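Worksheet: the structure to be examined is printed underneath.
If you're wondering where the values come from, they're calculated on a predicted model, not measured in any experiment. Just so we're on the same page: letters track the sequence lines, and every chain starts at 1.
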Amino acid sequence: MAKSEQSSSSSSSSMVDSAPRPWESYNTVYTNAKAGMEGVDKEKVQRIVYEMSKGSKYFENEERKEAYMKQKIENMRNHLANLKATDISHYQRVADKRIAELDTTRDLSRIWLHVDMDAFYAAVETLSNPSLKGKPMAVGSMSMISTANYEARKFGVRAAMPGFIASKLCPDLIFVPTDFKKYTYYSDLTRKVYHEYDPNFTAASLDEAYLDITKVCKERDLSGGEVAEELRENVYKATGLTCSAGVAPNRLLAKVCSDINKPNGQFVLPNDRVAIMTFISSLPIRKIGGIGKVTETILKDVFEIKTCEDLLQKSSLLFALFSPSSAEFFVSVGLGLGGTEAPNVRSRKSMSNERTFSATKDEAFFNQKLVELSEMLSADMEKEDLHGKTLTLKLKTASFEVRTRAMTLQSYIRSSKDILKHASKLLKAELPVSLRLIGLRMSHFNEDKGGSGVSDPTQRTLLNFIKSGESNKETVVDEENSDPCFEHFSEIDDQNICSLNDDHENLQVIETCCSDNNNETGPSSSSSLMWLDDYKCLVCGIELPPSFVEERQEHSDFHLAQKLQQEEESEQTYKNLSFKHRMMSQKDGGVEKGKGKKKQKHAVTNGDHIPIDAFFTKRS
DNA sequence: GGGTCCGGGATCG
DNA sequence: TTCCACGATCCCGGACCC
């Protein structure tokens, strides 16, 4: 769902009388004008939300957070007031230099398209139950709403709003529970359409995607707007759902543009510097991804920055008070810059789960929760063949205070028994306490060191692929031993790989060898092994839904072809090098990372096949 | 003084 | 009647260590 559905505004309406209106200062996130929210009685919404929240633990916590933010603003104001003229001129020079540098990096050669499905979950539910059409409806529960249809939005109901408040705003509101299977199915259909325009597209979520349509525009001699029209039409034909699109020279702007003519509309920002600067000049900072409620308030209250243009005007102050990376982000927004290269395939950094319950001090209950969470986390890690080293316990107290407690272990763990053991230790130190949420997070995965090659996308070897498939079976991790992944991988028989010669047969052989620990056999097992969650390629991370049968077959073939090519080149090297050594080389090979270099890969292609490069996200 | 870890916070969908 | 989720990422400041 669009993040901007959670926008904030503490708009103060005109004071016609002097009656106290405490709700006006309650900085909720539900009152910003959004698609389908025009004409909403903002004050009424704000008053109801305030009345329903007032006095609750949640409300008290919000007030604490608010007070903290006020203090932060006060500190920054003081800091600002203490700046000397020499300081300011110094930071002005720093800012000007950086702005000039950034401006030279502007790339207007690409055309990006951001697609955003309209009220996606709600639209899917209406599709499967047409009787919901025209009635105010929300997907979610009494505790939280995922999205609301446009009829419900007229009442001020929106995403991330608790259901009990929503039903107060709209007593006839129909609640439909979330059904991710359904959304994934429709999401797959949309992605099949996206794939036709950019096989390398990036899915931002089930209902959002970024497409580089530069090539399509060129090849078919179409404008970005024409491609967007056609794509939206095709999405509608494929799913019966409408979407909105934004076309712009970079992803950041495309995202902003897709929100402008929502729902079922589009907006094109031409690849022209003047047009961009004009567009940016009046754009409220809150429209930018990455600038949320807090940052907006700080920029507004400390610097009087409201629009993106203001970010440039006040650049010296931003460089004086923020970290260099934050200041740089702000001025690049002011210049209308954003990502133009396809984003990197990123390896997973952490995995977590958490559960909310009614607040309690019952330690037996906590332990039971920890058992459940440990088992869930362990199972999730097993699915992706991960072992982690840092375990973080997350707690939310009855008063909504969030605490995290982490420990980094000597070795990697995965079993629920190990997770539970350490999680219990962490929790014990916090007792007694009244809690409403417990969560567990694992990070610092063995993959960080190149365990399955994902951390360095330039090193995608079939060997690693097979290893990740093979290692799906449970290994008992002995904490005293070294990195479990090494022993694990040593079980792989390189011979099986090196002796392969026919693509299709090879895949079968690999499947068979990988299927030993898997009851499945035949082609379906290949998908479950090569495709994580039956969706994401374990080798390179590209996402291809199950419906892409042919594409997935081709994709597997390419990895094989690539592997074979590599094998030919250095068969002996592969056999002789220790795995640890190879991982070191991968790390060394990653020096180009962040230097803007791209490693070109060329694979055997024919007219029927999608070039292998198309499956790999380019590195920037 | 520069890495690394930890805890908190902001943001997103 | 119901009474503010969950999973993930990035960033920052402080503590600690060499």
Under 4.0 Å between a Lys/Arg side-chain N and an Asp/Glu carboxylate O for [X] and [Y]?
| X | Y | value |
| --- | --- | --- |
| A/Arg414 | A/Asp385 | yes |
| A/Asp188 | A/Arg191 | no |
| A/Arg355 | A/Glu372 | no |

Counting any heavy atom closer than 4.0 Å, what does [X] reach on the DNA or RNA strands: base, sugar-phosphate only, or nothing?
| X | result |
| --- | --- |
| A/Arg441 | nothing |
| A/Thr295 | sugar-phosphate |
| A/Ser325 | sugar-phosphate |
| A/Ser167 | nothing |
| A/Ser56 | nothing |
| A/Lys394 | nothing |

Length of the [atom1]-[atom2] vector between [X] and [N], whole Å:
| X | N | atom1 | atom2 | result |
| --- | --- | --- | --- | --- |
| A/Tyr68 | B/dA10 | OH | C1' | 11 Å |
| A/Ile298 | C/dC12 | CD1 | P | 13 Å |
| A/Phe330 | B/dT11 | CZ | C1' | 12 Å |
| A/Met144 | C/dC6 | CE | C1' | 10 Å |
| A/Lys168 | C/dT2 | NZ | P | 12 Å |
| A/Leu391 | B/dC6 | CG | P | 11 Å |
| A/Lys349 | B/dT11 | NZ | C1' | 17 Å |
| A/Lys369 | C/dC6 | NZ | C1' | 14 Å |

Listed nucleotide nearest any side-chain atom of [X], set [options]:
| X | options | result |
| --- | --- | --- |
| A/Ser323 | C/dC12, B/dA10, B/dG8 | C/dC12 |
| A/Ala406 | C/dC4, B/dG7, B/dC5 | B/dG7 |
| A/Thr404 | C/dT9, C/dC4, B/dG8 | B/dG8 |
| A/Arg348 | C/dA8, C/dT2, C/dC6 | C/dA8 |
| A/Lys396 | C/dA5, C/dC4, C/dC12 | C/dA5 |
| A/Leu437 | B/dT11, C/dC4, C/dC6 | C/dC6 |
| A/Arg286 | B/dC12, C/dT9, C/dA8 | B/dC12 |

- State yes or no: are the ring centers of A/Phe330 and A/Phe319 separated by less than 6.0 Å?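 Not under 6.0 Å, so no.
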- Message: Centroid separation under 6.0 Å, is that true for the rings of A/Phe445 and A/Tyr412?
- Response: no
- Item | Position toward the 5' end of DNA chain C (nearest nucleotide), A/Arg436 or A/Arg355 |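 That would be A/Arg436.
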Indicate whether OP1 or OP2 belonging to [N] is found under 4.0 Å from a side-chain N or O atom of [X].
| X | N | answer |
| --- | --- | --- |
| A/Ser143 | C/dT2 | no |
| A/Ser352 | C/dA8 | yes |
| A/Arg403 | B/dG9 | no |
| A/Ser326 | C/dC12 | yes |

- Determine the interplanar angle of the A/Phe365 and A/Phe357 rings, folded into 0 to 90°, and report it as parallel if under 30°, tilted if 30 to 60°, perpendicular if over 60°.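 A/Phe365 and A/Phe357: perpendicular rings.
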- Query: Could a donor-acceptor pair under 3.5 angstrom be found where the side chain of A/Ser53 meets the base of C/dC4?
  - Reply: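 Result: at least one qualifying N/O pair found.
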- Item | Among A/Leu311, A/Val256, A/Leu253, the one residue meeting side chain to side chain contact (heavy atoms under 4.5 Å, CB included) with A/Ile288 |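 Answer to the side chain to side chain contact (heavy atoms under 4.5 Å, CB included) test with A/Ile288 among A/Leu311, A/Val256, A/Leu253: A/Val256.
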- Task: Map A/Lys72 and A/Ala204 onto DNA chain B by nearest heavy atom, then report which one ends up closer to the 5' terminus.
- Result: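 Between the two, 5'-proximity favours A/Lys72.
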